[in-house]
Amino acid sequence: VDNKELMFTLRPNSTGILGGFPVEINEDGLRDKIYSKSKPDNMLRIASVGDSFAFGYGSTIEDSYPKQLERKTGMEVINFGVTGYNTAQEVIFTKDYVLQYSPDVIIVEFIINDIEPASLGNVTSPEFSLLSIREQIAKNSRTISYAKQIIEDRYRFAYKSISCYY
């Protein structure tokens, strides 16, 4: 690991089973195909950054949301998800690795357990409680809306809400 603040990265050129599904990590340490760091002309490049949800834990790479987004849009979507990362690690990873690929758009997948309690400081106001943050994210997040749509499409039923456990 080049940046010790990350603590860990995916091991390049590794394979295994995770969550009951095969996982292959490419030579750049991503669960995706190999992408050139120089962006193709006339192609919108999207970087998907996040933890196990972006990584596609418990699914094939084809069923991960970055690859579903790629199929639905015809745009290039690179999966930079790393199982176990929190928001602070995702920021460091984005600066150190993701930006090397010159993405036009960066989607940061966010789940409420990505917040570290220390990042909230001494905030005690009810407006900043984890519950109110979760409710605001659930109401206003396009990622959650998109995830609900994928779930509805895949399983043919609608979730009324997405529960967050922490």
Side-chain angles (χ1 to χ4, degrees), residues 6 8-12 14-37 39-40 43-116 133-166:
L6 283 175
F8 61 92
T9 58
L10 301 176
R11 180 178 295 153
S14 59
T15 61
I17 303 292
L18 186 61
F21 290 87
V23 173
E24 293 181 25
I25 307 303
N26 71 24
E27 65 190 46
D28 292 328
L30 305 175
R31 186 184 186 199
D32 211 329
K33 67 181 187 179
I34 300 290
Y35 288 91
S36 168
K37 289 186 180 175
K39 186 176 58 171
M43 173 63 77
L44 182 72
R45 177 173 276 180
I46 300 172
S48 173
V49 177
D51 62 7
S52 57
F53 189 77
F55 176 85
Y57 182 90
S59 70
T60 64
I61 185 61
E62 294 81 15
D63 286 337
S64 67
Y65 90 77
K67 296 297 112 183
Q68 290 189 41
L69 179 61
E70 186 172 77
R71 281 192 307 276
K72 288 184 179 205
T73 64
M75 298 173 192
E76 188 176 72
V77 182
I78 304 176
N79 185 346
F80 289 96
V82 179
T83 297
Y85 270 11
N86 64 28
T87 303
Q89 289 167 302
E90 291 161 6
V91 168
I92 295 165
F93 189 72
T94 297
K95 288 178 184 176
D96 290 357
Y97 296 98
V98 176
L99 294 179
Q100 293 177 25
Y101 289 81
S102 303
D104 297 294
V105 176
I106 299 173
I107 298 173
V108 179
E109 168 265 315
F110 178 82
I111 304 295
I112 194 65
N113 70 353
D114 293 345
I115 296 176
E116 300 228 345
I133 292 169
R134 182 179 76 182
E135 290 168 352
Q136 289 299 313
I137 291 168
K139 279 193 245 176
N140 299 310
S141 170
R142 289 187 178 160
T143 301
I144 289 178
S145 297
Y146 182 69
K148 286 179 182 180
Q149 187 61 50
I150 290 173
I151 291 167
E152 290 170 7
D153 290 348
R154 185 168 181 184
Y155 295 105
R156 305 276 187 248
F157 61 89
Y159 282 102
K160 302 236 186 283
S161 66
I162 291 181
S163 297
C164 299
Y165 299 96
Y166 46 119

*Smallest separation among heavy atoms of L6 and Q89, with atom names*: O-NE2, 2.7 Å

_With a 4.5 Å cut-off on side-chain heavy atoms, are D28 and P12 touching?_
no

*asked:* Any heavy-atom pair between the side chains of F8 and V82 that's under 4.5 Å?
replied: yes

*Do D32 side-chain atoms and N79 backbone N/O form a donor-acceptor pair below 3.5 Å?*
yes

*With sequence neighbours excluded, give me every salt bridge (charged side-chain N to carboxylate O under 4.0 Å, His left out) pair touching residues 15-25.*
none

_Do L69 and S48 have side chains that approach each other closer than 4.5 Å (heavy atoms only, starting at C-beta)?_
no

_Student check: side-chain heavy atoms of L18 and F55 closer than 4.5 Å_ = yes

*asked:* Using a strict threshold of under 4.0 Å (side-chain N to carboxylate O), is an ion pair present between K67 and E62?
replied: no

*Which heavy atom in M75 sits nearest to a heavy atom in E70, and how many Å separate them?*
O-CG, 3.0 Å

*Would you check if the side chain of N26 reaches a backbone N or O of K33 as a donor-acceptor pair within less than 3.5 Å?*
yes

_Would D51 and E109 count as a side-chain contact (heavy atoms from CB on, under 4.5 Å) here? Give the steps._
CA-CA 7 Å; D51 62 7; E109 168 265 315; 2.7 Å; yes

*Rounded distance (nearest 0.5 Å) linking atom CD of Q68 with atom CD1 of I61*: 10.5 Å

*Is there a side-chain contact (heavy atoms from CB on, under 4.5 Å) between I106 and L99 once you walk through the steps?*
CA-CA 9 Å; I106 299 173; L99 294 179; 3.9 Å; yes

*Nearest non-hydrogen partners of Y101 and Y35, listed with the distance*: CE2-O, 3.6 Å

*Please check if the distance between the ring centroids of Y85 and F93 is under 6.0 Å.*
yes

*asked:* Are the side chains of R45 and P40 in contact, using a 4.5 Å heavy-atom criterion?
replied: yes

_L30 side chain reached by Y97 side chain, heavy atoms, under 4.5 Å_ = no

*Shortest non-hydrogen contact from V49 to Y65?*
O-OH, 4.5 Å

*Which atom pair, heavy atoms only, marks the closest approach of V98 to P103?*
O-CD, 3.6 Å

*Closest non-hydrogen atom pair between S64 and A54, with its separation*: CB-O, 4.2 Å

